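Note that the coordinates shown come from a computational prediction; the quantities given were computed from them, not determined experimentally.
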Amino acid sequence: MKLFITGANRGLGLALTTEAVKRGHTVFAGVRNPQKQSDAINHLCSIFPNKVQLLQLDVADESTCQEAAEKLRAENISLNVIINNAGILDERSKTIKEIDIEKVEQTFNINLFGPMRVVKHFLPLLYKGSDSTVINISSEAGSFQNAYGGDYPYALSKSALNMFSEQLRKYLKEDEVSVYAVHPGWIKTDMGGEKAPGSPEESAHGIMDIIERKTKINHNSSFINFKGEAIPQ
């Protein structure tokens with residue numbers, strides 16, 4: 001399979017890229033600056049030179065999304081999977097009285113509008129059929145039933161992303177493309193912190209099992225965790 005993954009140079013994105021290429025798939029890795037990448041992604045490219053291709057793309061800049069998609073189209077490349085992984089968590093410790101609305105806008109620009117820009121330009125490259133998948137990396141923080149009084153920009157943007165995922169699922173139903181908003185768990189990344197109990201590798205393994213249909217989804221929810229279990233909206 002051919003996968004396009006945003007935010008592929010670190011954290012969950014790097015773990016997803018690593019897991020995918022280890023399983024024999026090809027990854028087009030969306031990164032903001034391919035010239036300034038981490039040793040980890042460069043090492044992965046050297047080990048799997050024909051399986052990882054870096055694409056310059058900033059989800060907050062639509063022109064880069066369009067240019068990256070056009071680059072693949074010019075090479076006659078079609079995709080089986082789109083994973084919108086890039087995201088930010090800002091204003092974490094702020095109460096509603098302290099919140100910086102500009103930071104809220106920035107969070108929506110990356111966590112919601114970013115995936116929308118990517119889907120807008122990359123969806124025409126996606127195969128239509130039961131083997132194709134769109135995954136939006138979400139969070140249980142975006143669940144109404146799990147709402148709490150904090151992380152306002154992040155939680156609100158993920159809740160909106162869940163709605164976008166459900167809309168996409170309905171839009172692509174006749175094309176048999178699966179669409180999921182996936183909660184990867186609380187994992188040890190720059191965003192999750194060192195106290196997180198889970199690992200990006202475990203989440204990546206679970207998400208790839210969903211993509212490869214090794215995990216059977218026996219419900220009708222588009223909002224799931226990395227084990228394929230439904231999460232309350």
Student: Less than 4.5 Å apart, any side-chain heavy atom of P115 and any of L161?
Tutor: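 Side chain of P115 against side chain of L161, heavy atoms only: contact under 4.5 Å found.
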Student: What are the two closest non-hydrogen atoms of E229 and H219, and how far apart are they?
Tutor: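 Looking at all heavy atoms of both residues, the closest pair is C-NE2, 3.9 Å.
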Student: Starting from F223 and following side-chain heavy-atom contacts under 4.5 Å between hydrophobic residues (I, L, V, M, F, W, Y), which residues can be reached?
Tutor: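 Listed partners: I231.
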Student: Counting C-beta onward and ignoring hydrogens, is there a side-chain heavy-atom pair between V118 and C65 closer than 4.5 Å?
Tutor: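 In short, these two side chains touch, coming nearer than 4.5 Å.
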Student: Under the side chain to side chain contact (heavy atoms under 4.5 Å, CB included) test against M1, which residue among V27, T26, L79, I211 passes?
Tutor: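 Among the candidates, only I211 passes.
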Student: Shortest non-hydrogen contact from E19 to A204?
Tutor: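 So the minimum-distance heavy-atom pair works out to CG-O, 4.0 Å.
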Student: Side-chain contact test, heavy atoms from C-beta onward, threshold under 4.5 Å: evaluate it for I82 versus I135 and give yes or no.
Tutor: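 With C-beta onward as the side chain, the pair stays apart.
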Student: Please confirm whether the backbone N or O of L126 pairs with a side-chain atom of K128, one donor and one acceptor, at under 3.5 Å?
Tutor: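 Yes.
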Student: Do any N or O atoms from the side chain of D175 and from the backbone of V177 form a donor-acceptor pair under 3.5 angstrom?
Tutor: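 Not confirmed, D175 side chain does not pair with V177 backbone.
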Student: Any luck finding a side-chain donor-acceptor pair between R117 and N109 under 3.5 Å?
Tutor: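 A pair is found: one side chain offers a donor N or O, the other an acceptor, under 3.5 Å apart.
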Student: D58: which residues meet the side chain to side chain contact (heavy atoms under 4.5 Å, CB included) condition with it, sequence neighbours left out?
Tutor: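 Applying side chain to side chain contact (heavy atoms under 4.5 Å, CB included) to D58 gives R32, A60, D61, T64.
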Student: Do Y148 and F144 share a hydrophobic cluster, counting only Ile, Leu, Val, Met, Phe, Trp and Tyr and linking them when any side-chain heavy atoms are less than 4.5 Å apart?
Tutor: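 The answer is no; the residues belong to distinct hydrophobic clusters.
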Student: Using modelled atom types and a 3.5 Å cut-off, is there a donor and acceptor pairing between side-chain atoms of H183 and backbone atoms of E140?
Tutor: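 Confirmed, H183 side chain pairs with E140 backbone.
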Student: So, N136 versus S165: side-chain donor-acceptor pair below 3.5 Å or not?
Tutor: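 Yes, S165 and N136 have a side-chain donor paired with an acceptor closer than 3.5 Å.
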Student: Determine whether the side chains of H121 and E62 contain a donor N or O and an acceptor N or O closer than 3.5 Å.
Tutor: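 Their side chains do contain a donor-acceptor pair, which is all the 3.5 Å distance test asks for.
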Student: Between S46 and H43, is there a donor-acceptor pair closer than 3.5 Å when you use the side chain of the first and the backbone of the second?
Tutor: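 Confirmed, S46 side chain pairs with H43 backbone.
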Student: Once you round to the nearest 0.5 Å, how far does NZ of K158 lie from OG of S143?
Tutor: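 That separation rounds to 14.0 Å.
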Student: Using a 3.5 Å distance criterion without hydrogens, assess whether the side chain of S139 forms a donor-acceptor pair with backbone atoms of G142.
Tutor: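 The answer is no, because no donor-acceptor pair under 3.5 Å joins these two groups.
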Student: Is the shortest distance from a Lys or Arg side-chain nitrogen in K71 or E67 to a carboxylate oxygen in the other one below 4.0 Å?
Tutor: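 Salt bridge between K71 and E67, a charged N being under 4.0 Å from a carboxylate O: no.
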Student: Within the side chain of T17, is there an N or O that forms a donor-acceptor pair under 3.5 Å with the backbone of G13?
Tutor: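 Such a contact is found between T17 side chain and G13 backbone.
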Student: Would a 4.5 Å heavy-atom cut-off, applied to side chains only, mark I137 and I83 as touching?
Tutor: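 The answer is yes; the side chains approach within 4.5 Å.
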Student: Specify the closest pair of heavy atoms between Q56 and P34, including all atoms of both residues, with the distance to one decimal.
Tutor: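 Heavy atoms of Q56 and P34 come nearest at CG-CD, 3.5 Å.
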Student: Is there a continuous path of hydrophobic side-chain contacts, each under 4.5 Å between heavy atoms, that joins Y152 to M163?
Tutor: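 In one cluster with Y152: M163, no.
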Student: For F4 together with F122, are the ring centres under 6.0 Å from each other?
Tutor: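 Judged by ring-centre distance (under 6.0 Å), F122 and F4 do meet the cut-off.
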Student: Is a donor on one side and an acceptor on the other found under 3.5 Å between the side chain of T6 and the backbone of N85?
Tutor: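 Yes: the side chain of T6 pairs with the backbone of N85.
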Student: For residues L72 and Y127: do they belong to one hydrophobic cluster (side chain heavy atoms under 4.5 Å, members Ile, Leu, Val, Met, Phe, Trp, Tyr)?
Tutor: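 In one cluster: no.
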Student: If we ignore hydrogens and angles and just use 3.5 Å, is the side chain of S203 paired with the main-chain N or O of P184 as donor and acceptor?
Tutor: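 Yes, the answer is positive, given that a donor and an acceptor are paired below the 3.5 Å cut-off.
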Student: Would V52 and C45 count as a side chain to side chain contact (heavy atoms under 4.5 Å, CB included) if you check the C-alpha gap in whole Å, the side-chain angles of each, and the deciding distance to 0.1 Å?
Tutor: CA-CA 6 Å; V52 183; C45 289; 3.6 Å; yes
Student: Which of these, V119, V182, V59, sits in a side chain to side chain contact (heavy atoms under 4.5 Å, CB included) with N84?
Tutor: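 Single pass found, and it is V119.
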Student: Could you tell me if the side chain of I99 sits less than 4.5 Å from the side chain of P153, heavy atoms only?
Tutor: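 P153 reaches I99 side chain to side chain.
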Student: Working to the nearest 0.5 Å, report the span between CE of M208 and OG1 of T133.
Tutor: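 The distance works out to 9.0 Å.
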Student: Of I77, I5, L3, which is the lone residue that meets side chain to side chain contact (heavy atoms under 4.5 Å, CB included) with F28?
Tutor: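 Option passing the side chain to side chain contact (heavy atoms under 4.5 Å, CB included) with F28: I77.
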Student: Side chain of K51, backbone of G24: donor and acceptor closer than 3.5 Å?
Tutor: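 Checking the backbone N and O of G24 against the side chain of K51, a donor-acceptor pair under 3.5 Å is found.
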Student: With a 4.5 Å cut-off on side-chain heavy atoms, are D90 and Y154 touching?
Tutor: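 Contact flag for Y154/D90 side chains = no.
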Student: Could you tell me whether a side-chain N or O of R10 sits under 3.5 Å from a main-chain N or O of A40, the two making a donor and an acceptor?
Tutor: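 No, because the side chain of R10 does not come within donor-acceptor range (under 3.5 Å) of the backbone of A40.
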Student: Less than 4.5 Å apart, side chain to side chain, heavy atoms only: is that true for Q106 and I88?
Tutor: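 Yes, close enough: below the 4.5 Å cut-off.
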Student: Got a salt bridge between R169 and E166, using NZ or NE/NH1/NH2 to carboxylate O under 4.0 Å?
Tutor: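 Judged by the 4.0 Å cut-off on N to carboxylate O distance, R169 and E166 do form a salt bridge.
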Student: Would you mind checking if K214 and E212 are paired as a salt bridge, meaning a charged N to carboxylate O distance below 4.0 Å?
Tutor: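 Answer for the salt bridge query: yes.
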Student: Work out which heavy atom in S138 is nearest to a heavy atom in N162; give both atom names and the distance.
Tutor: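 For S138 versus N162, the nearest heavy atoms are OG-OD1, 2.6 Å.
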Student: Taking side chain as C-beta onward, heavy atoms only, is Q167 less than 4.5 Å from K170?
Tutor: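 Q167 vs K170: side chains apart.
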